[in-house]
Amino acid sequence: MMYTIIDVETTGKSNRITEISIFKYNGTKVIDEFTSVVNPEIEIPDYITSLTGIDYAMVANAPTFKEISKQVLAITTDAIFVAHNVNFDFNVIRGEFNRLKIPFRRKKLCTVRLSRKLLPGHKSYSLGKLCTALDIALVDRHRARGDAEATVSLFQLLQQQKDAAATFEKFLKATSRQATLPAHLPDEVFDTIPEAAGIYYFRNKKGTIIYVGKAKNLKKRVLSHFYDKKQKELDLCRETTHIDTELSGSELVALLMEDAAIKKHFPQYNVASKRNPKSYGIFTYTDRNGVIHFATNVLKLCPDYLQVFYNQRDAILYLEKICVAFELCPKYCNLQQLNLHCNHYKIDTCKGICRQTESVALYNSRVRLAISQIKATAKNNVIKKPGRSTDEEAFVLIKNGIYQGYGFITKEEQLTNEEQLESYLIREKDSIDVQCILKKELIATYSS
């Protein structure tokens with residue numbers, strides 16, 4: 001069996017190759033080598049130069065990948081592609097071939113995953129630390145030839161381990177996940193992921209949450225990340241060392257859990273739902289003359305708010321509609337503040353309360369009708385969903401039109417009032433993202 005043991009150095013984020021080293025290995029000895037610096041045709045960031053020592057001056061007169069592509073194809077043909085964290089090197093090289101419209105497919109073996117299986121118990125499986133622990137010479141760390149040569153020595157050591165042949169064969173099977181799972185993610189972590197609805201957390205080696213997602217089938221969704229070849233997914237998978245999960249029982253609760261987790265942890269690979277915009281409330285107060293006013297303010301400053309909005313403009317537009325519908329005064333609806341009497345540019349429904357030509361009692365009677373209508377539209381709602389097990393139910397609580405949170409309760413529990421339900425509630429914040437999730441659910445419920 002023939003192997004090509006490979007390492008590449010790249011420009012970092014854009015992952016253009018700056019150096020490549022390939023050792024052709026027949027299972028016993030190295031029979032060929034190809035090593036070259038490569039002109040990436042883009043700038044090399046300073047932090048990459050400080051890591052590898054490769055700057056643009058060093059590669060300016062080097063061949064481009066297009067110019068060495070035939071040599072790379074020739075040496076890797078009919079050979080198994082081997083690398084330490086193989087998905088990174090393989091996908092970088094395949095990306096270069098994709099730019100040239102040349103297909104690149106090879107069987108793969110990852111020396112990180114092989115080492116985890118055949119050399120268990122090491123604290124770290126990074127190439128540098130593993131070579132130090134195993135007394136493997138590693139010269140010119142973070143240069144392609146030095147890293148590739150060390151990987152050859154590691155591969156030879158792996159061949160000598162008990163059950164090596166069977167392990168290699170198992171890893172090379174088309175049905176094996178070994179070339180798909182992130183290099184630093186242990187098999188047993190992935191194997192424990194349930195095939196049920198919930199959310200999942202990708203963590204890096206420091207334990208930091210770097211991505212949160214939701215799924216109807218957690219195992220299937222997590223696996224899909226490892227097959228995705230977008231650069232963001234490749235970077236995410238390369239950093240992932242552990243995955244935690246939480247069951248939700250349903251997709252709706254999973255969506256709500258995901259939104260809350262993203263806003264709490266702000267994972268670096270999540271883009272959507274990080275926003276936590278200000279909420280605005282509509283409330284009322286009575287002035288010293290007994291006139292009831294409508295007003296709007298940031299929600300946390302609103303006493304006994306009647307309705308919630310996620311931008312101030314929507315709150316004002318809503319008040320305009322209320323003002324017109326119930327023939328109220330724009331000045332007393334927080335639509336004008338500086339003028340002594342109302343003179344709104346488009347609302348002329350005031351019957352004279354601001355000029356003392358309408359009685360307070362008559363005006364307030366219409367305000368109370370408006371308040372009643374607002375409260376009627378902001379209804380309480382309990383959405384029931386399947387729980388995390390057969391003897392459990394989930395619920396989502398909406399109170400006065402505001403999302404309160406979700407909870408889980410056993411089917412045996414007998415509840416007689418709302419206070420008992422709230423004792424099982426996991427309280428969460430309302431937001432425009434949550435309202436979009438709930439709106440879709442309520443529309444689907446009412447239309448079915």
Open item on the list: Does the Lys NZ or Arg CZ of K219 fall within the cation-pi geometry relative to F190 - under 6.0 Å from the ring centre and within 45° of the axis?
Closed with: yes

- [ ] Compute both the distance and the angle, then confirm whether K108 meets the cation-pi test with F90: under 6.0 Å from the six-membered ring centre, within 45 degrees of the axis.
- [x]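 Yes, K108 and F90 form such a contact.
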
Under 3.5 Å: donor-acceptor pair, side chain of [X], backbone of [Y]:
X    : Y    : value
E239 : N204 : no
R116 : H122 : no
K385 : V253 : no
R388 : L247 : no
T349 : L328 : yes
R113 : P182 : yes
T286 : I292 : no
T52  : I54  : yes
E96  : I17  : yes
N270 : V212 : yes

Task: Other residues, nucleotides, ligands: >12 heavy atoms within 6.0 Å of D391 CG - done: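 Enclosed: over 12 neighbouring heavy atoms sit under 6.0 Å from CG of D391.
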
Open item on the list: Surrounding CG of N289 (heavy atoms of other residues, nucleotides or ligands, distance under 6.0 Å), is the total greater than 12?
Closed with: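 Yes, because the 6.0 Å sphere around CG of N289 holds more than 12 heavy atoms from other groups.
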
Task: Working for salt bridge (Lys or Arg N to Asp or Glu O under 4.0 Å), residues D433 and K263 - done: CA-CA 11 Å; D433 300 305; K263 287 181 169 65; 2.8 Å; yes

- [ ] Walk me through it: do K232 and D235 pass the test salt bridge (Lys or Arg N to Asp or Glu O under 4.0 Å)?
- [x] CA-CA 5 Å; K232 175 188 168 184; D235 292 342; over 6 Å; no

Task: F294: which of L306, L335, N334 passes side-chain contact (heavy atoms from CB on, under 4.5 Å) - done: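 Exactly one option meets the side-chain contact (heavy atoms from CB on, under 4.5 Å) with F294, and it is L306.
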
- [ ] Going by the side-chain contact (heavy atoms from CB on, under 4.5 Å) test, name the single residue among L234, D7, I93, N15 that passes it with F88.
- [x]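 Going through the options one by one, the only one that passes is N15.
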
- [ ] Please find out if less than 6.0 Å separates the ring center of Y318 from that of F309.
- [x]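 Yes, ring centres under 6.0 Å apart.
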
Open item on the list: Centroid separation under 6.0 Å, is that true for the rings of F202 and H225?
Closed with: yes

Between [X] and [Y], which heavy-atom pair has the shortest distance, and what is it?
X    : Y    : result
L127 : H84  : N-NE2, 3.4 Å
K13  : Q231 : O-CG, 4.0 Å
F283 : C302 : CD2-SG, 3.6 Å
N85  : A183 : OD1-CB, 3.4 Å
P103 : K101 : CD-O, 4.0 Å
A148 : I5   : O-CG2, 3.9 Å

Would you check if [X] and [Y] make a side-chain contact, meaning some heavy-atom pair closer than 4.5 Å?
X    : Y    : answer
S115 : L130 : yes
Y227 : T180 : yes
L114 : L158 : yes
F155 : Y3   : yes
S126 : K129 : yes
E233 : F226 : no
E246 : Y201 : yes
R427 : Q404 : yes

From [X] [atom1] over to [Y] [atom2], what is the distance, rounded to the nearest 0.5 angstrom?
X    : Y    : atom1 : atom2 : answer
L397 : E422 : CG    : CD    : 6.0 Å
C323 : Y332 : SG    : OH    : 12.5 Å
N87  : C237 : CG    : SG    : 8.0 Å
E19  : D147 : CD    : CG    : 9.0 Å
S431 : L256 : OG    : CG    : 9.0 Å
E392 : E413 : CD    : CD    : 11.5 Å

Task: side-chain contact (heavy atoms from CB on, under 4.5 Å) evaluation trace for T245 with I199 - done: CA-CA 6 Å; T245 61; I199 63 171; over 6 Å; no

Task: Worked verdict on T241 versus L185 for side-chain contact (heavy atoms from CB on, under 4.5 Å) - done: CA-CA 5 Å; T241 62; L185 181 70; over 6 Å; no

Task: Partner set under salt bridge (Lys or Arg N to Asp or Glu O under 4.0 Å) for R368, not counting sequence neighbours - done: none

Open item on the list: Go through it in stages, so that I can follow the logic: the residues are R16 and E41, the test is salt bridge (Lys or Arg N to Asp or Glu O under 4.0 Å), and I'd like the CA-CA distance, side-chain angles, deciding distance and then a yes or no.
Closed with: CA-CA 8 Å; R16 299 300 299 272; E41 303 179 279; 3.8 Å; yes

Task: Ring geometry between Y200 and Y211 (parallel below 30°, tilted from 30 to 60°, perpendicular above 60°) - done: tilted

TODO: For the pair K411 and E393, evaluate salt bridge (Lys or Arg N to Asp or Glu O under 4.0 Å) and give the outcome as yes or no after the intermediate values.
DONE: CA-CA 6 Å; K411 291 180 179 178; E393 286 185 334; 5.5 Å; no

